Amino acid sequence: MASEAKVSVRRYHLYINGEWVGSSSGRFIPVMDPSTEEIIAEVPDANEKDVNRAVAAAKAAFDSGAWHETTAQERGRILFRLAERVRKEAGMLAELEARNSGKPIVEAEYDINDVATCFEYYGGLATKVLGHVNPVPDNALSLSLREPIGVAAQIIPWNYPLLMAAWKLAPAIAAGCTCILKPAEQTPLTALEFANWLPEAGLPPGVVNIITGYGESAGAPLVLHPDVNKIAFTGSATVGKIIVKAAADTVKRVTLELGGKSPNIFFADADFESAIDGALFGVFINQGEVCSAGSRILVEKPIYTKFVEAMAAKAKTIRLGPPLERETKMGPLVSKDQYDRVRSYQEVGKKEAKLAAGGGRAASMPKGYYVEPTIFYDVDNSARIAQEEIFGPVAAVIPFANEAEAIRIANDTPYGLAAAVWSRDIFKTFRVVKAIRAGIVWVNHMQPTYVEAPWGGYKQSGFGRELGPSGIEEYLETKQVHINLNEQPIGWY
Ligand code: NAI
Ligand code: MG
């Protein structure tokens, strides 16, 4: 094969039925380091045939064999072993994640720690899935049993690669499902490294399969496959809508996390220094490639001018640099496509609003997909940069006059993933918390995310909840069992 010549480029395989196998097409997808624009690896370009193999393996593992006999206790232990291995290899995983996604190494280290915590949490939860006794009015015993949903297809994005894999795999394994995970084509490497540890952790072949490939050729056939019972998707709203339609023909269970345009709301009585920090952190962490990014910054008029100035001054000090340098606070965007998309929104913003900071490519970085942290102000909420998800370090600052106007603007979006409210007035704050139509509302902070608490959106940000006890619910069916205790005929006829 021609690409065999590129010796420094690591070549990966698909993980199907406990084995590393090539794709049926024999083609590969190049995987980049977005800070150097160099190819660092190749992964198989899987297609429908490969998907069929993976689904067959997942279905066979679900229907019979070792997984069928694996107890909840043992599934819990498997998850704890995986967590332990992730902690042991955290340095390698964080470095690979940072290199491949562009995120700063320090952030990647937090992510990998969260990956391990996620496996631990669902390891513990595996033995806490409870059924019910239903109080039916008869001489009978009525039970609700909880059973795994079956074969789950899990399609994930590139912004938190291994963490998104963990959010999906851990509850599915805890519930007793089998999985086909499709990482994003841009960032498949950490999930593939992770797969190496599945057998030694005690997972029988076929329980977790990993298919690398593009959305249209590897993701779409997974969504259509009749033997897939559930789709869990995180990604763009555009693809989320395609998935719901495609899943309808086989009535698959679907959960979607589709990002948003989350409002970060600052009242004049908020602590000013914390507010500026919170506004910047809310929108610039992970280069702004965050589904819950606080990309609409709503500021009460008395502090508005001072707020924009302080934000802009501090944004200009954010250290852009190579992902592997510990001082780096912002790395490159994940890909050329994402760079082009964010650059185009920077230009749209210049026509729609006023520019306080950034606005272009980061001139200090000779190579790589770096853009400047960018702040637009005097943004009208109907502007494209206030309505459309940009998924990059681009903030839209919007002034508001009072509480009612803040609520109106905050909710004037098709999305509803997250929001934050900053104030010292608990009456006002809690009124706003209640009025916001979003799945996550932070008060005097933005972005802290815990495996113990549910994650997901209202409106077009999707449906279903990951993390916490709700995370495992999404992988369970309910079976009602009625046990007649009368030993006589029904006597109807
Ligand atoms: P995308 O939604 O196309 O990709 C996410 C995942 O879906 C990837 O694994 C991809 O291969 C897969 N996919 C794509 N088309 C598919 C199809 N027809 N059937 C099944 N799977 C499919 O996201 P993309 O194009 O990488 O980014 C575009 C925009 O999406 C971003 O600018 C951002 O606004 C948004 N996004 C939101 C994310 C979130 O966390 N909610 C994550 C990534 C992107
Ligand atoms: Mg796409």
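Computed from a prediction, not measured in an experiment: that's the story for all the values here. We number each residue from 1, following the sequence as shown.
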When the ring centroid of [X] is compared with that of [Y], is the distance short of 6.0 Å?
| X | Y | value |
| --- | --- | --- |
| Phe307 | Phe266 | yes |
| Trp167 | Tyr121 | no |
| Phe400 | Phe267 | yes |

Exercise for the section: Kindly determine whether Met164 and Gln154 satisfy side-chain contact (heavy atoms from CB on, under 4.5 Å), including the steps that lead there. Expected result: CA-CA 9 Å; Met164 290 301 102; Gln154 307 177 313; over 6 Å; no
Examine the side chains of [X] and [Y] and answer whether a donor and an acceptor come within less than 3.5 Å of each other.
| X | Y | answer |
| --- | --- | --- |
| Lys241 | Gln460 | yes |
| Gln73 | Thr127 | no |
| Arg424 | Asn444 | no |
| Thr250 | Lys252 | yes |
| Ser262 | Arg296 | no |
| Gln338 | Arg341 | yes |
| Gln447 | Ser292 | yes |
| Asp269 | Trp422 | no |
| Ser144 | Asn134 | yes |
| Asp337 | Ser335 | no |

Practice task
Scan for salt bridge (Lys or Arg N to Asp or Glu O under 4.0 Å) pairs involving residues 63-72, sequence neighbours excluded, and state none if there are none.
Solution key: Lys59-Asp63
Problem - Residue pairs fulfilling salt bridge (Lys or Arg N to Asp or Glu O under 4.0 Å) with at least one residue in residues 434-463, sequence neighbours excluded - result: none
Can you tell me how far apart [atom1] ([X]) and [atom2] ([Y]) are? Round to the nearest 0.5 Å.
| X | Y | atom1 | atom2 | answer |
| --- | --- | --- | --- | --- |
| His68 | Thr178 | NE2 | OG1 | 11.5 Å |
| Asn264 | Ile398 | CG | CD1 | 11.0 Å |
| Leu333 | Glu289 | CG | CD | 4.5 Å |
| Ser142 | Ile483 | OG | CD1 | 8.5 Å |
| Leu93 | Leu163 | CG | CG | 12.0 Å |
| Asn159 | Ser101 | CG | OG | 9.0 Å |

Exercise for the section: Before giving the answer on side chain to side chain donor-acceptor pair (under 3.5 Å), spell out for Arg146 and Thr478 the whole-Å C-alpha distance, their side-chain angles and the decisive distance to 0.1 Å. Expected result: CA-CA 5 Å; Arg146 309 310 310 280; Thr478 299; 3.2 Å; yes
Would a distance-only check, ignoring hydrogens and angles, find a side-chain to backbone donor-acceptor pair under 3.5 Å from [X] to [Y]?
| X | Y | result |
| --- | --- | --- |
| Thr328 | Leu324 | no |
| Tyr122 | Gly468 | yes |
| Glu257 | Thr234 | no |
| Glu193 | Ala195 | no |

Exercise for the section: Begin from the C-alpha positions of Arg253 and Glu477 and carry the test salt bridge (charged side-chain N to carboxylate O under 4.0 Å, His left out) through to its verdict. Expected result: CA-CA 10 Å; Arg253 283 85 183 109; Glu477 290 280 18; 2.9 Å; yes
Hey, is [X] close enough to [Y] for a salt bridge, meaning N to O under 4.0 Å?
| X | Y | answer |
| --- | --- | --- |
| Glu95 | Arg99 | no |
| Glu388 | Lys261 | no |
| Glu107 | Lys103 | no |
| Arg465 | Glu473 | no |
| Arg81 | Glu200 | no |
| Glu466 | Lys168 | yes |
| Glu403 | Lys428 | no |

Practice task
Could you list the residues that satisfy ring pair (Phe, Tyr, Trp, His ring centres under 6.0 Å) with Tyr160, not counting sequence neighbours?
Solution key: none
Specify the closest pair of heavy atoms between [X] and [Y], including all atoms of both residues, with the distance to one decimal.
| X | Y | answer |
| --- | --- | --- |
| Trp67 | Gly176 | NE1-O, 3.0 Å |
| Pro148 | Ala175 | CB-O, 3.2 Å |
| Ala57 | Ile16 | CB-CG2, 4.2 Å |
| Pro171 | Ile472 | O-CG1, 3.7 Å |
| Val223 | Ala246 | CG1-CB, 3.7 Å |
| Leu258 | Ser236 | CD2-O, 3.5 Å |

Handout entry: Pair Asn209-Leu181, side-chain contact (heavy atoms from CB on, under 4.5 Å): steps then yes or no
Key = CA-CA 6 Å; Asn209 305 275; Leu181 176 79; over 6 Å; no
Practice task
Apply side chain to side chain donor-acceptor pair (under 3.5 Å) to Asn113 and Arg87, showing your working.
Solution key: CA-CA 7 Å; Asn113 183 59; Arg87 292 203 185 283; 2.6 Å; yes
Practice task
Assess Lys329 against Phe284: is NZ or CZ under 6.0 Å from the centre of the six-membered ring, and within 45 degrees of the ring's axis?
Solution key: no
Handout entry: Within 6.0 Å of NE2 in His482, more than 12 heavy atoms from elsewhere
Key = yes
Exercise for the section: Tell me, with the steps shown, if Asp111 and Leu162 meet side-chain contact (heavy atoms from CB on, under 4.5 Å). Expected result: CA-CA 8 Å; Asp111 292 359; Leu162 193 58; over 6 Å; no
Handout entry: Heavy-atom check, side chain of Ile112 versus side chain of Val86, under 4.5 Å
Key = yes
Practice task
Answer whether the closest heavy-atom distance between the side chains of Lys230 and Val151 falls below 4.5 Å.
Solution key: no
Exercise for the section: Would you sort out whether Ser423 and Asp425 count as a side chain to side chain donor-acceptor pair (under 3.5 Å), showing the intermediate values? Expected result: CA-CA 5 Å; Ser423 166; Asp425 176 342; 5.4 Å; no
Exercise for the section: Any chance you could lay out the side-chain contact (heavy atoms from CB on, under 4.5 Å) test for Val342 and Val394, step after step, and finish with the verdict? Expected result: CA-CA 8 Å; Val342 173; Val394 180; 3.9 Å; yes
Exercise for the section: On the 0 to 90° scale, with breaks at 30° and 60°, tag the His445-Phe281 ring pair as parallel, tilted or perpendicular. Expected result: tilted
Exercise for the section: Please report the C-alpha distance between Glu84 and Lys88 in whole Å, then the side-chain angles of each, then the deciding distance to 0.1 Å, and finally whether the salt bridge (charged side-chain N to carboxylate O under 4.0 Å, His left out) criterion is met. Expected result: CA-CA 6 Å; Glu84 206 179 321; Lys88 215 169 121 200; over 6 Å; no
